[in-house]
Number of protein chains: 2
Amino acid sequence: MKLQKELRLKQPLASVNHEALLSLVRTSSLMQKLSDRFFSLFGLTDVQFNILMILKEHRTEGLSQQKLSEHLIVTKSNVVGLIDRLERSGYVTREAHPSDRRFNQIVLTRKGEKLEARIENRYFKEVDKMMNVLATSEKKAVIRAMERIRDYIGNNGA
Amino acid sequence: MKLQKELRLKQPLASVNHEALLSLVRTSSLMQKLSDRFFSLFGLTDVQFNILMILKEHRTEGLSQQKLSEHLIVTKSNVVGLIDRLERSGYVTREAHPSDRRFNQIVLTRKGEKLEARIENRYFKEVDKMMNVLATSEKKAVIRAMERIRDYIGNNGA
DNA sequence: AGACGACAGTTTATATATGAACTATCTCTA
DNA sequence: TAGAGATAGTTCATATATAAACTGTCGTCT
């Protein structure tokens, strides 16, 4: 749908720049709402599934909350609550670091591993279905464009 | 920066589809963080400025909270708190609808109008600076690609 | 050895967001 | 016209997110 209609704007957007920006933000927001609905089928949120995937990728070394916050690109104070909820649900545990008592090592439980495995394939299938509305060349163009925007932001006070 | 490095992934992303999706979500998230930092210079959040712009566009007819929630594409329960905070800051007021007491008409105060006017130009300048890292043809390609993705989502249970 | 600084995690206050249940008001229809 | 259903807004429980202030632990440096 055209953005103008979707955002109920009275007039067309004055600048291509603003239109491109709103397109991105609006589309990303819709994608996240869709993924949240998908993961709610399994009693998870999108963020929680993301954490399970990250923990799976690092299951050999383990991850501290600090490192996890760097992977998620959120603050460490946010991670406290995220892990609280996943722990309450039984998907992860906080384990003591063998030599440094400042660290919590966050570890997937068997239950967490099983849930992640059960969801993963279905998730990637949904991703493929959505993104295949674009040709490969278009996807690559989007990836390059996004990278340039992020580089701008990174050099301007992110 | 390459997404793989930014997200601290051990291996390159297996599929272009997933990479394109994460590119979008990650870039949009960074853009929102940047805009939040910009608006905090004026004591606002990005969402609050967006509301002031929408109210300005509709200052002749006025907007109910319900209509506002449709413009913002959020739930009406969310709008309650957003307007509470803007009202507490003195930028908007809730006024009684002349004939239907169920409605709150949300109206910009003089103070809200002035603040919006003071920020607007500077905001669009920042938008231009960021988006001009892309050529016009690239922006248009992004706009079209985002539209196709939103159309997919709209037809698949959004 | 003791002090200081760095680092990990927590807490608190605040903002945004949803869905479900509720109140008040309005409208339509039997 | 009385009751039923629709509509607008609020409240509550929950999840995500930040910044700032705090605690506990570790290392380093004198």
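Just so we're on the same page: letters track the sequence lines, and every chain starts at 1.
Note on A/S40: nothing from the nucleic acid sits closer than 4.0 angstrom, heavy atoms only. As judged by a 4.0 angstrom heavy-atom cut-off over every strand, B/V80 is placed among the base-contacting residues. Note on B/T45: only backbone sugar-phosphate atoms sit closer than 4.0 angstrom, heavy atoms only; bases stay farther off.
The distance from atom CG of B/L72 to atom P of C/dA17 is 8 Å, rounded to the nearest whole Å. Spacing between atom CG of B/D84 and atom P of C/dT16 amounts to 11 Å, rounded to whole angstrom units. As rounded to whole Å, 13 Å separates atom P of C/dT10 from atom CZ of A/R85. Taking atom CG of residue B/L82 and atom P of nucleotide C/dT14, one finds them 16 Å apart after rounding to whole Å. What separates CZ of B/F39 from C1' of C/dA15 is a distance of 15 Å, to the nearest Å. When the C1' atom of C/dT18 is taken as reference, atom CD1 of B/I73 falls 15 Å away, rounded to whole Å. Distance, A/L68 CG to D/dT16 P: 12 Å, rounded to whole Å. One can place CG of B/L44 at 15 Å from C1' of C/dT16, the figure rounded to the nearest angstrom.
In the set D/dC26, D/dT10, D/dA15, D/dC26 carries the atom at the smallest distance from any side-chain atom of A/D100. Which of D/dT10, C/dT16, C/dT18 sits closest to the side chain of B/Q48 comes down to C/dT16. Between C/dG19, D/dA15, D/dT10, one nucleotide has an atom nearer to the side chain of B/T75 than all others, and that is C/dG19.
Note on B/R37: every side-chain N or O is 4.0 Å or more away from OP1 and OP2 of D/dA19. The shortest distance between the side-chain N/O atoms of A/N78 and the OP1/OP2 oxygens of C/dT10 is not below 4.0 Å. Between B/R101 and D/dG9, a side-chain N or O to OP1/OP2 separation shorter than 4.0 Å is absent. The side chain of A/Q65 places an N or O atom within less than 4.0 Å of a non-bridging phosphate oxygen (OP1 or OP2) of C/dT10. Within the 4.0 Å cut-off from OP1 or OP2 of D/dC12, not a single side-chain nitrogen or oxygen of B/S77 is found.
In summary, the aromatic rings of A/F38 and A/F49 are positioned with their centroids too far apart to meet the 6.0 Å limit.
The residues A/R94 and A/D84 are annotated as salt-bridged, a charged nitrogen and a carboxylate oxygen being separated by less than 4.0 angstrom. Electrostatic pairing of A/R144 and B/E138 does not count as a salt bridge here, judged by no charged N lying under 4.0 Å from a carboxylate O. Ion pairing of B/R59 with B/E113 is absent here, as no side-chain N (NZ or NE/NH1/NH2) approaches a carboxylate O to less than 4.0 Å.
Here B/E120 pairs with B/K56 under the salt bridge (Lys or Arg N to Asp or Glu O under 4.0 Å) rule; sequence neighbours left out.
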Just the atom pairs and distances: protein N or O near nucleotides 2-7 of chain C's N or O, under 3.5 Å.
none

Each nucleotide N or O in nucleotides 21-23 of chain D that has a protein N or O under 3.5 Å away: list the pair and distance.
none

Residue pair B/L3, B/R26: steps toward the side-chain contact (heavy atoms from CB on, under 4.5 Å) verdict: CA-CA 9 Å; B/L3 208 58; B/R26 172 71 189 132; 4.1 Å; yes
Intermediate values then yes/no, side-chain contact (heavy atoms from CB on, under 4.5 Å), B/H97 and B/N104: CA-CA 6 Å; B/H97 188 283; B/N104 293 336; over 6 Å; no
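Heavy atoms of other residues, nucleotides or ligands lying less than 6.0 angstrom from NZ of B/K10 number more than 12.
Comparing B/V79 and A/G81 by the nucleotide of DNA chain D that holds the closest heavy atom to each, the one mapping nearer the 5' end is B/V79.
Contact detail for A/K139 and B/A20: the closest heavy-atom pair is CB-CB, 4.3 Å.
A donor-acceptor contact closer than 3.5 angstrom is absent between the side chains of B/N17 and A/K129.
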